[in-house]
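Atoms considered below: every heavy atom in the structure, side chains included; atoms not considered: hydrogens, waters and symmetry mates. Chain letters run A, B, ... following the sequence lines, proteins first, then strands; residues in each count from 1.
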Number of protein chains: 2
Amino acid sequence: MGRSSRWWVVKQQAVFRALADPTRRAILKRLHGGAMSAGEIGEAFDITGASLSHHFAILKQADLVRTERRGQYIVYSLNSTVMEDLMRLMLDLIPPAGGRGGKR
Amino acid sequence: MGRSSRWWVVKQQAVFRALADPTRRAILKRLHGGAMSAGEIGEAFDITGASLSHHFAILKQADLVRTERRGQYIVYSLNSTVMEDLMRLMLDLIPPAGGRGGKR
DNA sequence: TAGATATTTAGACAAATATCTAAATATTGC
DNA sequence: GCAATATTTAGATATTTGTCTAAATATCTA
């Protein structure tokens, strides 16, 4: 419980929303291999830079990625802390092991 | 393995989309305690039965819930198998521990 | 079988979303 | 300072989504 619960309720929605789009999931996966500039990330996708930037903004709002300007470029990297929070959240949606909840 | 990768790509999108809505996440959480009829689930929410039914359809399409008719009622329960698939998928989005120079 | 209850389906509508083009901002190298 | 490159912002548009009301379907009970 390091964070206020309200913080997480808000952030939670941002995170799930961010993950709902296949392009954004692909971006995260691409970042899996290491930090990359916006342009490099974009090479893998067939959409404009503007659209890409839109996706970055949503990922950033969800705190799933971090940015750092390096000269002309802006370098993106995964924020694994929030990813781990998300995992915990997911676990919360899964019934307890050996759980009842089936037929009666 | 076990499932074709195409199956999962399709299902994956359905699952993430299903989780993007806060009402649907709340439904899953409610089912956490055990199977429940549509009406019982609905008691917790301030939306019409029709809207509820819409959410159920999306959860079902994502295979996150199972249904069983019991007389007049239709009983919903969690499908933890797909939830576990989802967890694996999430892990896939998280960078490997100690990845890329960063020991912990 | 008729009426009551539970749930889904159909159709409409407003709000949210992904995408685009064009323009703005930031940075580098000459 | 100026042109080139990288990225974001603004504004427009078509699609998707969540919700509603009304009607349809399924089941139970008297």
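Each of A:R17 and A:R69 lies near DNA chain C, and the nucleotide nearest A:R17 is the one positioned closer to the 5' end. Take the nearest nucleotide of DNA chain D for A:Y73 and for A:S51: the residue whose nucleotide is more 5' is A:Y73.
Counting heavy atoms of neighbouring residues, nucleotides and ligands inside a 6.0 Å radius, atom CZ of B:R66 does not exceed 12 of them.
If you check every strand for non-hydrogen atoms under 4.0 Å, A:I41 touches nothing. If you check every strand for non-hydrogen atoms under 4.0 Å, A:F45 touches nothing. Within 4.0 Å (heavy atoms only), B:A50 reaches at least one base atom of the nucleic acid. Here A:G49 lies in heavy-atom contact (under 4.0 Å) with a base. The residue B:G39 sits close only to the backbone: its heavy atoms come under 4.0 Å of sugar-phosphate atoms, none of a base.
Pairing partner, D:dA30: C:dT1, with both Watson-Crick or wobble hydrogen-bond distances short of 3.5 Å. Under the Watson-Crick or G-U wobble criterion, with both distances below 3.5 Å, C:dC20 is paired with D:dG11.
The hydrophobic clustering, which links ILVMFWY residues whose side-chain heavy atoms are closer than 4.5 Å, places B:Y73 and B:L52 apart. Cluster annotation: A:L78 is connected to A:F16 through the hydrophobic network of ILVMFWY side chains, with a link wherever side-chain heavy atoms come within less than 4.5 Å. Cluster annotation: B:V75 is not connected to B:V65 through the hydrophobic network of ILVMFWY side chains, with a link wherever side-chain heavy atoms come within less than 4.5 Å.
Within the 4.5 Å cutoff, the side chain of A:I74 has no heavy atoms near those of the A:E68 side chain.
A nucleotide of DNA chain D counts as in contact with chain B when one of its atoms lies under 4.0 Å from a heavy atom; the first and last such, 5' to 3', are D:dT17 to D:dC28.
Contact between A:R25 and A:L19 at its shortest, heavy atoms only, is NH1-O, 2.8 Å.
At whole-Å resolution of the value, NE2 in B:H54 and C1' in C:dC13 are 14 Å apart.
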